[in-house]
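First listed ligand is number 1; within each ligand, the first listed atom is number 1.
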Amino acid sequence: MLEADFVIIGSGSAGSAMAYRLSEDGKHSVIVIEFGGSDIGPLIQMPSALSIPLNMSLYDWGFASEPEPHLGGRVLATPRGKVIGGSSSINGMVYVRGHARDFDHWAEEGAAGWGFADVLPYFKRMEDSDGGEDGWRGKSGPLHVQRGSRRNPLYGAFVEAGRQAGFELTDDYNGSKQEGFGPMEQTISGGRRWSAASAYLKPALKRKNVSLVKGFARRVIIENQRAVGVEIEAHKQIQVVKARREVIVAASSINSPKILMLSGIGPAEHLRENGITVVADRPGVGRNLQDHMELYIQQESLLPITLNSVLNPFSKALIGAQWLFFKTGLGATNHFEAAAFVRSRAGVDYPDIQYHFIPAAVRYDGKAAAKSHGFQAHVGPMRSKSRGSVTLRSPDPKSQPVIRFNYMSHPDDWTEFRHCIRLTREIFGQSAFDPYRGKEISPGSQVQSDDDLDIFIRDHAESAYHPCGTCKMGRADDMMSVVDPECRVIGVEGLRVADSSIFPRVTNGNLNAPSIMTGEKASDHILGRTPLAPSNQEPWINPRWQASDR
Ligand SMILES: Cc1cc2nc3c(=O)[nH]c(=O)nc-3n(C[C@H](O)[C@H](O)[C@H](O)COP(=O)(O)OP(=O)(O)OC[C@H]3O[C@@H](n4cnc5c(N)ncnc54)[C@H](O)[C@@H]3O)c2cc1C
């Protein structure tokens, strides 16, 4: 009989953290249901191989958007990890908590108890940070966080160029001051990817009270408005995993709303159209879908010092061998070692643009490397007002959901992206880049007018792979909320959702850290513990924010 106190669907960023925390005191049994398999092997463990697993059906659910109307009908890949550790096992390993104001906004929107003062102690609890600002970082948590070596001089040039352009510097964007140019952080440890599986799931599975069930969760079984278990398909059979206390859905921003809808929780009309009996009419399920988009601004390098010289098979083999034997060298980093968080204009009080910088001109998916030596910035606005949805394509649990992001559907998206391109040109134009700067590869210096920039944006903007928000957390009396601030599904007993789907709004940065934090904090709510005491540390806000963008 498969039965436990707590049954968690999904061993991703949030699910793994909950498996660890819910089992920590040994008083409760936990079953984690995970469809994906092992994370063993260099494709996942070697940081520089990051572009490989996200293209593999073994590790990725293989979702894609519907044709996006504002992007010329392009269909964008929507990778989600299908492996222990979930998306943290196929992601880019960049580590960003998000800005303090993001969480204050969550609280203002109805997620009471999730303001910055409330979540900061959880970020500290989860981290084992190597470096960073004194008093602001965790030093003994399960999640190892480090900075890259920044040996390539282009990292320094990028940060110096930001300073020359008049922007702030920050030595720790995960500390008090996010705004500025500085080193980027990585979830890498001992030269290996440090996923939620490494940090949380594997240590939890060493405990007698935690077990992993490999299977496909079809729906939550609800009797008399109470979740009592999960129906799964495993070994080609339909089975039931019983929950004595609670079921917790942590299946990602795409699969969590899908599982809720298949269980009868969602917009009533849409459920009925699919022949699903309505358990709770929650119109917010699958709504509020948000993401970050980004562009790659690529510049030729006059000096042959970039990673473009090691993208050939021979160099890759050498890098792989060094990594396999010593866990060092270029295989041991994700190459995102410098970053910036800046404000787009005067009047914006905290950063709304993020930069990742790498000393190579390549696509994220590793497919189209530029022929010459080059470097590039990934840049994009952080708070798009566009919203999309996840809906059911059919009542068959195996069918892919319908994902519509409505990318670039708000007019501000276009203004913001044009600004991102022009700002990047300004930064690459600083004297710090004089020894390196060749011609602009992409968009190309001929692309200048608003109309030409718009064509480039329409054809080239990519997802940064941060979908979230589809089971929004908020006040219980808000019809669009799906979970309350204790992550309880509104209208059903014994059921919670805790993962990136509950974010009321996307945070200012990459989403692994806030997803893990969500799992950490949700665990305390599930166990009925008093949340960690709120912090009284104040984040840095640029005193010139009303008058200047820098
Ligand atoms: C390619 C890529 C690059 C990214 N880069 C970064 C980055 O550099 N830094 C960063 O911070 N963030 C990054 N992100 C985003 C970040 O990793 C995710 O936002 C975060 O991991 C989401 O966590 P989650 O807990 O919501 O879901 P996930 O981690 O996706 O976990 C969901 C889990 O549920 C399982 N599951 C789903 N449905 C079922 C089912 N029906 N039955 C059984 N199991 C199921 C999945 O297999 C998965 O293991 C990236 C994401 C991707 C895909």
Shortest non-hydrogen contact between Val483 and Cys471, atoms and distance
CG2-O, 3.9 Å
Ligand 1 and Leu54, any nitrogen or oxygen pair closer than 3.5 angstrom?
no
State yes or no: are the ring centers of His378 and Phe336 separated by less than 6.0 Å?
yes
Considering the heavy atoms of Ser515, write down every atom of ligand 1 situated less than 4.0 Å from one of them.
20 (C), 22 (C), 23 (O)
Below 3.5 angstrom, do we get any N/O pair linking Asn91 and ligand 1?
yes
Would you call Glu109 and Arg505 a salt bridge, using N to O less than 4.0 angstrom?
no
For ligand 1, which atoms sit closer than 4.0 Å to a heavy atom of Asn255?
37 (C), 38 (N)
For ligand 1, which atoms, with element, lie under 4.0 Å from some heavy atom of Ala14?
25 (O)
Regarding atom 18 (C) of ligand 1: of the candidates His466, Arg80, Arg219, which has the closest heavy atom?
Arg80
Could you tell me which atoms of ligand 1, counted from 1 in the order shown, lie closer than 4.0 angstrom to a heavy atom of Ile259?
41 (N)
Please state which option from Gly36, Gly10, Ala251, Gly81 has its nearest heavy atom closest to atom 46 (C) of ligand 1.
Gly81
Have a look at Ala77, Ala197, Gly92, Ser501 and point out the one with the heavy atom closest to atom 7 (C) of ligand 1.
Gly92
Side-chain donor/acceptor of Asn508 to backbone N/O of Gly98, under 3.5 Å
no
On a heavy-atom basis, the closest approach of Met517 and Tyr122 is CG-CB, 3.9 Å
Establish, yes or no, whether a centroid distance under 6.0 Å links the rings of Phe503 and Phe103.
no
